[in-house]
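Presented below is the structure to which this report refers.
Labels below follow one simple rule: chain letters A, B, ... track the order of the sequence lines, proteins then strands, and each chain is numbered from 1.
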Number of protein chains: 2
Amino acid sequence: MSQRESSYSTKELVNQLLKDIQQGVIQGADGQLPTEPELMKQYQVTRYTLRQALKNLANLGYIYQAHGSGTFARPHHVEGAISLQNNVGLTAEMARQGKIVKTTGISQRIVPLSKAAFVPESQKLAQDTELISVIRQRTLDDEPFLVEHSYYLKSMVGEIPDSALKGSLFAFIDQKPGLKVGFIDSVIECEMITGTPARFFNLADGSPSLVVRDDSYLSSGKLFAFSKIFYDFRKTKFFMLKKMH
Amino acid sequence: MSQRESSYSTKELVNQLLKDIQQGVIQGADGQLPTEPELMKQYQVTRYTLRQALKNLANLGYIYQAHGSGTFARPHHVEGAISLQNNVGLTAEMARQGKIVKTTGISQRIVPLSKAAFVPESQKLAQDTELISVIRQRTLDDEPFLVEHSYYLKSMVGEIPDSALKGSLFAFIDQKPGLKVGFIDSVIECEMITGTPARFFNLADGSPSLVVRDDSYLSSGKLFAFSKIFYDFRKTKFFMLKKMH
DNA sequence: CAGTGGTCTAGACCACCTG
DNA sequence: AGGTGGTCTAGACCACTGC
């Protein structure tokens, strides 16, 4: 761990603690971390900030806190799995595991809602709502991995430059002034696929696929996009940590 | 909303707020809830307790808070979906939606780890660890829904009476003194099934299934069970809310 | 600029685990 | 009994939104 002049914000403390945990410089041989009073002193933060940071790390699966016993580092995650709770984006998350996500196929066009292949799960929009339809094929370590079909509400996000389509569309939206992503409703299911997705994965029509349906909202609560992502079921595992209380 | 003598705990406040939101007695026509100072006054709690409760409700998808604008009720969840974040158990969650989960087939036996059909994702145990193997077939509204194969560490949970096998094994564990469930690692994937699960679902060998692999830990951090649940992919949707920040 | 939720401080007391 | 994390109080200041 390192000393600092100004005090840590929760976010900074999360990053610093994570670094120190991964380098093994704060936990003992049994994985136990210092007590909260000691961590408060070491990192010069109040208990509130410390506990916010520890809660974040627990939600990400890096530590757990046992009432009456102490705080402990956890052995690492399931290999190759995609965290459902993590929100750094797919590319960044895979990069952490040394894997590379590339976008190999893109198409963009404008359609009215009435012509969309699917609609949001829990929201009604006018039939003539203008949508930007984006279909992307993406690979993981140069092998077919997913087909993503997204609809963005044109009235909310404006134009999407081709340069933004190759990387994280999510980051592009978040950067625009006045557009802050708030939350995403996800539905995970298993569906038979045909046509383009099946061919991209080199699977027969009628093969299964792990499918994630997302409805994306701004922090203001307004829907700005909805999408459907087809994953190659042979290469995909989703991971999450459920906490009891 | 109702008046109370003693002040609410966070958990009680969550339940009370949820009731008041679902009955529509606190939000306006546009779904906006009173401001935090007003809610503090109405429910006689401090801001800390109130915000803990609101955070819980937001994580469950019932409300969202928009910085600078206010707190709003959200339209309801995806029909028939199983929340990945909810921890009341499958039976109770389905009951909320008016659906009934029954256990139709049970088998229990003792096996060593070396004979288990699968092992925990991220933990090594001795090959001779004694396990209680439990296989259960469960229906949703009297139609085949899932096949669950669980292994419990005998040294930790002791005997499991037949009476406990019909309902929530989870609740049975949690009730035993000294056994408090802490967290569960879940991995979701899509897998081809054959044999018993396929026949239970009336599907051909090689049909897909939505599979959830759980590793269950006590609050002390010790693994006490691991399981694999096969869901009929035609009837299963998982739901979760991802929050950004 | 007024009003909203978001972050942080400082401190008290409670509940749980271990010796 | 002593030490751990969990909950709660009371209050300050910051950041964002909308008029």
Side-chain angles (χ1 to χ4, degrees), chain A residues 4 6-14 17 27-28 30-41 43-59 63-73 174 176-183 218-222 243-245, chain B residues 6-14 17 27-28 30-41 43-59 63-73 174 176-183 217-222 243-245:
Chain A
R4 275 173 58 115
S6 64
S7 72
Y8 288 101
S9 70
T10 299
K11 196 177 165 190
E12 292 165 339
L13 184 55
V14 167
L17 281 167
Q27 67 269 37
D30 54 352
Q32 183 158 12
L33 272 67
T35 64
E36 292 186 353
E38 281 165 0
L39 289 171
M40 285 164 67
K41 197 179 156 199
Y43 293 92
Q44 284 297 304
V45 292
T46 61
R47 195 162 174 223
Y48 175 90
T49 306
L50 174 64
R51 283 179 60 74
Q52 291 284 327
L54 292 175
K55 186 192 283 189
N56 271 320
L57 290 170
N59 283 331
I63 64 165
Y64 66 91
Q65 292 198 276
H67 196 175
S69 305
T71 304
F72 301 84
D174 217 45
K176 293 191 92 168
L179 294 182
K180 204 159 160 295
V181 180
F183 49 89
L218 298 177
S219 59
S220 66
K222 293 201 184 84
K243 291 181 65 184
M244 302 297 144
H245 40 249
Chain B
S6 64
S7 74
Y8 288 101
S9 71
T10 299
K11 197 178 166 189
E12 292 165 339
L13 185 55
V14 166
L17 281 168
Q27 67 268 35
D30 55 351
Q32 182 157 13
L33 272 68
T35 65
E36 291 187 353
E38 282 166 358
L39 289 170
M40 287 165 66
K41 195 178 157 199
Y43 293 91
Q44 284 297 305
V45 292
T46 60
R47 194 161 175 224
Y48 175 90
T49 305
L50 174 64
R51 282 178 61 73
Q52 292 283 325
L54 292 176
K55 186 192 282 188
N56 271 319
L57 290 170
N59 282 333
I63 64 164
Y64 66 91
Q65 292 196 276
H67 196 177
S69 304
T71 304
F72 301 84
D174 216 46
K176 294 191 90 168
L179 293 183
K180 204 160 159 295
V181 180
F183 48 89
Y217 297 83
L218 298 177
S219 59
S220 65
K222 294 201 183 82
K243 291 182 65 185
M244 303 296 144
H245 38 246

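- For the helix from C:dC1-D:dG18 to C:dT18-D:dA1, the axis fitted to the five pairs at one end and the axis fitted to the five pairs at the other end meet at an angle of 20° (nearest 10 degrees).
- Nearest-nucleotide positions on DNA chain C place B:Leu33 closer to the 5' end than the other of B:Leu33 and A:Lys11.
- Distance CE (A:Met244) to P (D:dG6): 16 Å, rounded to an integer number of Å.
- A 4.5 Å side-chain heavy-atom check between A:Tyr43 and A:Thr49 finds every atom pair outside the cut-off.
- A:Phe183 has its CZ atom 17 Å from the C1' atom of C:dG6, to the nearest Å.
- A close approach under 4.0 Å does occur between a side-chain nitrogen or oxygen of A:Gln65 and OP1 or OP2 of D:dG6.
- Checking the phosphate oxygens (OP1, OP2) of D:dT7, no side-chain nitrogen or oxygen of B:Gln52 falls inside 4.0 Å.
- Taking the side chain to side chain contact (heavy atoms under 4.5 Å, CB included) definition, one finds that A:Lys55 meets it with A:Asn59, B:Gln52, B:Lys55, sequence neighbours left out.
- Taking atom CD1 of A:Ile63 as the reference point, atom P of D:dT4 lies 16 Å away to the nearest angstrom.
- Summarising the geometry, the separation between CD on A:Gln32 and C1' on C:dC17 is reported as 12 Å, rounded to the nearest angstrom.
- A:Asp174 places a side-chain N or O within donor-acceptor distance of the main-chain N or O of A:Val181, the cut-off being under 3.5 Å.
- Partners of A:Lys222 under the side chain to side chain contact (heavy atoms under 4.5 Å, CB included) rule, at least two apart in sequence or in another chain, are A:Met156, A:Ser220.
- For B:Gln32 (side chain) and B:Ser69 (main-chain N/O), a donor-acceptor pair under 3.5 Å exists by modelled atom type.
- Between the CE atom of B:Met40 and the P atom of D:dC8 there is a distance of 14 Å, given to the nearest Å.
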| note | Once base and sugar-phosphate atoms are separated, protein heavy atoms under 4.0 Å mark nucleotides 9-19 of chain D, 5' to 3', with B, S and - as BS-B--BBB--
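- Taking side-chain N and O atoms only, A:Thr71 has no distance below 4.0 Å to OP1 or OP2 of D:dT4.
- Between A:Arg51 atom CZ and D:dT4 atom C1' there is a gap of 11 Å when expressed in whole angstrom units.
- One can place NZ of B:Lys55 at 13 Å from P of D:dG6, the figure rounded to the nearest angstrom.
- The shortest distance between side-chain heavy atoms of B:Leu54 and B:Glu36 falls below 4.5 Å.
- A:Thr10 is linked by a side chain to side chain donor-acceptor pair (under 3.5 Å) to nothing, counting only residues two or more places apart in sequence or in another chain.
- Between B:Gln65 and B:Arg51, some side-chain heavy-atom pair lies under the 4.5 Å cut-off.
- Partners of B:Lys176 by side chain to side chain contact (heavy atoms under 4.5 Å, CB included), not counting sequence neighbours, listed by chain and number: B:Phe172, B:Leu179.
- One interatomic measurement links the two molecules: CG of B:Leu39 to C1' of C:dG6, which rounds to 16 Å at whole-angstrom precision.
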